[in-house]
Number of protein chains: 2
Amino acid sequence: MLSKKSQYAFKALVYLTEKYNQGPVLISEISRKKKVPLKFLENILLELKKAGILDSKKGKGGGYFLKKDPAKVKVATIIRLVNGPIAMLPCVSLYFYERCKNCDEKKCGLHDMMIEVRDASLAILENRTLKDLAL
Amino acid sequence: MLSKKSQYAFKALVYLTEKYNQGPVLISEISRKKKVPLKFLENILLELKKAGILDSKKGKGGGYFLKKDPAKVKVATIIRLVNGPIAMLPCVSLYFYERCKNCDEKKCGLHDMMIEVRDASLAILENRTLKDLAL
DNA sequence: TTGATTCCCTACCAAGCTGGTAGACTTAAA
DNA sequence: TTTAAGTCTACCAGCTTGGTAGGGAATCAA
């Protein structure tokens with residue numbers, strides 16, 4: 001399951017997508033409109049900025065805004081960033097791979113099935129962007 | 001991601017599938033062969049018994065064994081039992097549904113996408129059984 | 001009927017994660 | 001130089017995860 005943090009992140013990103021190219025948006029505005037706890041949202045947005053998804057301006061007239069075209073920000077990227085692995089097992093994760101102890105990947109039925117599940121999920125998540133979410 | 005507990009549960013179930021119809025298997029044997037901590041495994045097997053997946057016999061010659069034909073025990077069932085929801089959001093879960101606050105499901109892009117992901121995963125997990133894992 | 005064997009049950013625990021909050025600091029515009 | 005913003009560090013309660021400890025209860029065989 002996606003954490004609350006991830007859900008908040010998506011709410012904020014969808015909001016910023018709707019305001020794309022309209023200048024910086026206040027944290028407090030996002031918090032109010034999307035009903036996300038202010039201080040928690042601060043942390044999340046900062047993290048998204050450090051990851052290169054968002055950018056910000058300080059001082060009056062400041063706020064957060066998308067750094068890239070929302071049509072180019074994949075949902076899978078956001079999930080990996082805020083929530084972690086998409087796969088159900090470390091041994092089938094593309095970005096967070098860890099081999100499993102005491103289990104030969106070449107003849108592990110669970111392994112094979114989880115690769116299928118991963119690919120089925122990625123077929124969707126890698127081909128949807130923030131723009132698709134905002135419709 | 002699946003918890004360690006879930007991974008241990010699958011290891012044990014696959015082992016018991018291989019020993020299906022060969023009488024009770026000792027917890028200690030499963031623990032040894034599958035490298036799962038003994039006392040932790042006890043808890044897991046007991047839970048699977050209470051859920052009706054396994055049955056057991058006490059005393060000499062006792063142990064655990066599958067209650068049903070492994071070809072009839074779906075992987076999705078085990079995951080829900082030991083790990084929880086398969087969906088990525090409560091508002092798209094079939095067995096653990098909770099509506100989301102401050103979000104209209106009818107016009108939530110995330111919601112729609114997560115339903116797709118859920119269905120793609122279930123198409124696999126609902127159609128695989130313990131028998132498939134054991135091959 | 002006693003003893004060995006085996007699962008069953010309750011309790012406990014450390015460490016890490018989740019979902020936050022508090023408050024001071026820095027930057028930039030007016 | 002004041003004020004409006006984001007930034008940073010620190011802190012916290014409660015829950016979950018991944019276990020461990022130890023005895024109790026059922027069963028079987030001798």
Side-chain angles (χ1 to χ4, degrees), chain A residues 1-12 16 19 23-32 34-51 53-67 81-85 88-90 96 100-102, chain B residues 1-12 16 23-32 34-67 79 81-85 88-90 96 98 100-102:
Chain A
M1 300 271 283
L2 295 182
S3 61
K4 285 265 184 194
K5 186 178 166 187
S6 303
Q7 297 178 50
Y8 291 156
F10 276 113
K11 284 192 180 192
L16 289 175
K19 304 273 184 183
V25 181
L26 293 181
I27 303 179
S28 55
E29 179 184 338
I30 305 174
S31 167
R32 206 176 347 103
K34 291 301 199 172
K35 305 272 202 299
V36 177
L38 180 68
K39 297 297 279 181
F40 196 16
L41 181 58
E42 272 187 19
N43 300 335
I44 296 168
L45 295 181
L46 191 54
E47 196 177 323
L48 288 169
K49 177 186 174 178
K50 286 179 178 165
I53 308 290
L54 298 179
D55 208 346
S56 65
K57 264 191 73 175
K58 289 183 181 178
K60 186 159 194 177
Y64 275 97
F65 49 93
L66 281 165
K67 197 171 185 178
L81 202 62
V82 184
N83 206 73
M88 298 188 90
L89 292 175
F96 300 83
C100 32
K101 310 185 209 336
N102 320 314
Chain B
M1 299 271 282
L2 295 182
S3 60
K4 284 265 184 194
K5 186 178 166 188
S6 304
Q7 298 178 50
Y8 290 157
F10 277 113
K11 284 192 179 191
L16 290 174
V25 181
L26 293 181
I27 303 180
S28 56
E29 179 183 337
I30 305 174
S31 167
R32 207 175 347 103
K34 291 301 199 172
K35 306 273 202 298
V36 177
L38 180 68
K39 297 298 280 180
F40 197 14
L41 182 58
E42 271 188 23
N43 299 334
I44 296 168
L45 296 181
L46 191 54
E47 196 176 325
L48 289 169
K49 177 186 173 178
K50 285 178 178 165
I53 309 290
L54 298 179
D55 208 346
S56 64
K57 263 191 73 175
K58 288 182 183 178
K60 186 159 195 177
Y64 274 97
F65 50 93
L66 280 166
K67 197 171 184 178
I79 293 181
L81 202 62
V82 184
N83 207 73
M88 298 188 89
L89 291 176
F96 299 83
E98 285 172 55
C100 31
K101 311 186 209 336
N102 320 314

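FYI, side chains are in, hydrogens and waters are out, and symmetry mates aren't considered; it's all heavy atoms of this structure.
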- Item | d(CG, A:Leu45; P, D:dG6) in whole Å | 9 Å

- When rounded to whole Å, the NZ to P distance for the pair A:Lys50 and D:dG6 reads 15 Å

- Message: Applying a 4.0 Å non-hydrogen cut-off, can you work out what B:Ile27 is touching in the nucleic acid: base, sugar-phosphate, or nothing?
- Response: sugar-phosphate

- Whole-Å distance, B:Leu16 CG to C:dC7 C1', equals 14 Å

- If we ignore angles and hydrogens, is there a donor and acceptor under 3.5 Å between the side chains of B:Ser28 and B:Ser31? no

- Query: Taking it one step at a time, do B:Glu42 and B:Lys39 satisfy salt bridge (Lys or Arg N to Asp or Glu O under 4.0 Å)?
  - Reply: CA-CA 5 Å; B:Glu42 271 188 23; B:Lys39 297 298 280 180; 3.4 Å; yes

- Query: Is the closest side-chain heavy-atom distance between B:Lys49 and B:Asp55 below 4.5 Å?
  - Reply: yes

- Tell me what B:Lys4 touches on the nucleic acid: a base, only sugar-phosphate, or nothing, going by heavy atoms under 4.0 Å. sugar-phosphate

- Query: Taking CG from A:Asn83 and P from C:dT18, how many angstroms apart are they, rounded to a whole number?
  - Reply: 8 Å

- Spacing of B:Phe40 atom CZ relative to C:dA14 atom P, expressed in whole Å: 17 Å

- Do A:Glu29 and A:Arg32 meet the salt-bridge criterion of a basic N to acidic O distance under 4.0 Å? no

- Query: Can you find a side chain N or O atom of A:Tyr8 that sits less than 4.0 Å from OP1 or OP2 on C:dG20?
  - Reply: yes

- Item | Neighbour count >12 (heavy atoms, 6.0 Å) for atom NZ, B:Lys34 | yes

- Length of the line joining A:Lys49:NZ and D:dA5:C1', which is rounded to integer Å: 12 Å

- Would you indicate what B:Val25 reaches in the nucleic acid, counting non-hydrogen atoms under 4.0 angstrom: base, sugar-phosphate, or nothing? sugar-phosphate

- Ignoring backbone atoms, test whether A:Lys39 places a side-chain nitrogen or oxygen under 4.0 Å from the OP1 or OP2 oxygen of D:dT9. no

- Start at the 5' end of DNA chain C and walk down; is the nucleotide closest to B:Leu26 or to A:Leu2 reached first? B:Leu26

- Message: Just the rounded figure in Å: distance from C1' of C:dT6 to CD of B:Glu29.
- Response: 14 Å

- So which one's nearest nucleotide on DNA chain C is more toward 5', A:Lys5 or B:Asn43? B:Asn43

- Check the distance between D:dT16's P and B:Glu47's CD and give it to me in whole angstrom. 14 Å

What nitrogen or oxygen pairs link the protein and nucleotides 25-30 of chain D at under 3.5 Å?
from	atom 1	to	atom 2	distance (Å)
D:dA26	O4'	B:Lys58	NZ	3.3
D:dC28	OP1	B:Lys57	NZ	3.3

- Would you indicate what A:Leu38 reaches in the nucleic acid, counting non-hydrogen atoms under 4.0 angstrom: base, sugar-phosphate, or nothing? nothing

